[in-house]
Amino acid sequence: MSGLIKPDGTPLRAASPTRGMTARYLRDTPSGVVASRIAPLTSHRDDIRYSWRRAAGLAMDLIQNSGRLKGATDQVVADTVGVGLTLSPDPDLTGLSYDEKEKADWIRIVKRRWTAYSRNARECDMRGKLTIPQMVDIGLRWYIAYGEVTGVFDFFAADRRAKYGLGTGTKLRLYPPSRLVQDTSQHEGLFQGVRHDENGRAVSYRFETAVSGLKQKRDYAAFDADGRPLVMHIFDPIDSEDVRGISQLAPAFRKHIQAEMLDDATLQMAILQTVFAITLTSDAPSQDAYEALEVLRDVGGEDGIGYGKEYLDFLGAKLDRAAATRISVGGDPQVSHLGPGEKLTLETANVPGKDFVPFSNSLARDTARAIGCSYGGLTMDYTDATYASVRMEGASLWPVVTRRRERIAAPMCQMIYANWLDEEIGEGRIPFKGGYRAFRANRASVCLANWQGPAKPTADDQKSARASTERLQNGTSSIAIETGDLGVDADALFEERHREHQRYVEAGMQSPYAPRSEPQVIETEPAP
């Protein structure tokens, strides 16, 4: 098209093609909002490795210096485990010559001995300081701050048991996840302190320990020769290749810090406005009035000079009167007298504004969502809460709580329980048909167990109880399911009811557990 011109002499150019609409991902807006956000695609486990120490440090700092986050952490622990998870053994004893009564008797023995072990800090903790419920509480707090739970199992032989007067040898020592080093060597299969084999299975863990005040790195085998776990490492992976976890607060750092900055800035502005919210209004002339007097004197001649002098004399009299006035704002405020035409006004602070509360609540909801607790549990603000909103909040949060229990808290208890039961049967304190050899061959199926947590919260206990009764009557539920929602072991409930029923019957009293009699139907002859 070059060389062609229009009639007016301007060059003729081809029209630029119009950009047609396209249907594809990442189609931007005219303002380029998508293009302005740079987001390189990297491996998630590399992201964790680069950010782990910084995220852990920020999380611990925020939790230790924020009553709101400290309370939210406690709320997460209470929602997930309450005062502690309850063991409910569910072993698969198929092919081991156990009938239902023998199985129930064996489970009863296991429960009784586990309760005694788990509540004795000297027996279950290598340092003799923590019970198992306390260890789980610490593990959940680590999960929020670090994103993972770590510990090392040890076994006390007879001589070490005799030294401390102990009856069992299985011990767990919780190591803070910060002790699991960040060493990475790809050719050795070592990534963030965890060594893997050619199939990607954990072989050993490298912890930083202190011996006689000297720090050193030590590798702990992941399993012993019989396949029993020697290292506890529990986290909730996001990607299939994740090796370590990361703080649950990491996605909420920005919003929580913004909320703290908003609170600080609002408080400072309110204080400043309160200090300077006292104004003194006077009808005394401003600088413009004095400039007008100068002009009047220059252009008004003798009359102008006279008018200006008279006004200045009047103003001088007012200033003399105001000289005796005392206005003091402080710890001992005083207002003795105001000059003529003066008025003292007390202003109110304009901060926070009308948008402060909605914006602050939005930041709090973001933090609560990342932690996995309710907005009310984080802020203790139930101003606009209704029965329907509380029910919906509980309904959406309860699966998060149960998932956290099954992914973090229950695996901690299960790992300790399996190693402890192995020792109890191996040393003959709990009888088992076929002895330890039969148990070892069926270890995984014999150690199966459920872990009951606290009851599901309800907004109306009467309505919840009525719904539970309805489900049982129409056959869509069972005693085990309903008691599980209440945080009660179904077997323990049955045994307790049976024991109390027998006690009432033997004492010749009416048992509250006696079956209700059928209502009598009185037949009458039809009227003639």
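As the structure is a computational prediction, the values presented were derived from the model and not from experiment.
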Q. Rounded to the nearest 0.5 Å, how far does CG of D47 lie from OG1 of T42?
A. 3.0 Å
Q) Do H44 and E241 have side-chain N/O donor and acceptor atoms under 3.5 Å apart? A) no
Q. Any sub-3.5 Å donor-acceptor pair from S185's side-chain atoms to L190's backbone N or O?
A. no
Q) Quick one: do the N419 and E423 side chains pair a donor with an acceptor below 3.5 Å? A) no
Q) Heavy-atom count around K103 NZ within 6.0 Å, excluding the residue itself: above 12? A) yes
(Q) For T80 and R404: C-alpha separation, side-chain torsions, deciding distance, then whether side chain to side chain donor-acceptor pair (under 3.5 Å) applies. (A) CA-CA 7 Å; T80 307; R404 183 168 53 230; 2.9 Å; yes
Q. What distance do S396 atom OG and R369 atom CZ have between them, rounded to the nearest 0.5 Å?
A. 5.5 Å
Q | SB check D74 K70 (cutoff 4.0 Å) | A | yes
Q.
Please identify which of these residues, T402, L140, V401, meets the side-chain contact (heavy atoms from CB on, under 4.5 Å) condition with D79.
A. V401
Q. For R173, does the CZ atom have more than 12 heavy-atom neighbours from other residues, nucleotides or ligands under 6.0 Å away?
A. yes
Q) Is any NZ, NE, NH1 or NH2 atom of the basic residue among D422 and R443 found under 4.0 Å from an Asp or Glu carboxylate oxygen of the other? A) yes
Side chains of residues 502-512: which donor-acceptor partners sit under 3.5 Å, not counting sequence neighbours?
from : atom 1 : to   : atom 2 : distance (Å)
S511 : OG     : H501 : ND1    : 2.7
S511 : OG     : Y513 : N      : 3.1

Q. Does the R127 side chain pair with the main chain of L174, one donor and one acceptor, at a distance under 3.5 Å?
A. yes
Q: Any chance you could measure E393, atom CD, to S374, atom OG, to the nearest 0.5 Å?
A: 4.0 Å
Q.
Does the Lys NZ or Arg CZ of R365 fall within the cation-pi geometry relative to Y375 - under 6.0 Å from the ring centre and within 45° of the axis?
A. yes
Q: State whether a side-chain donor-acceptor pair under 3.5 Å links E123 with T168.
A: yes
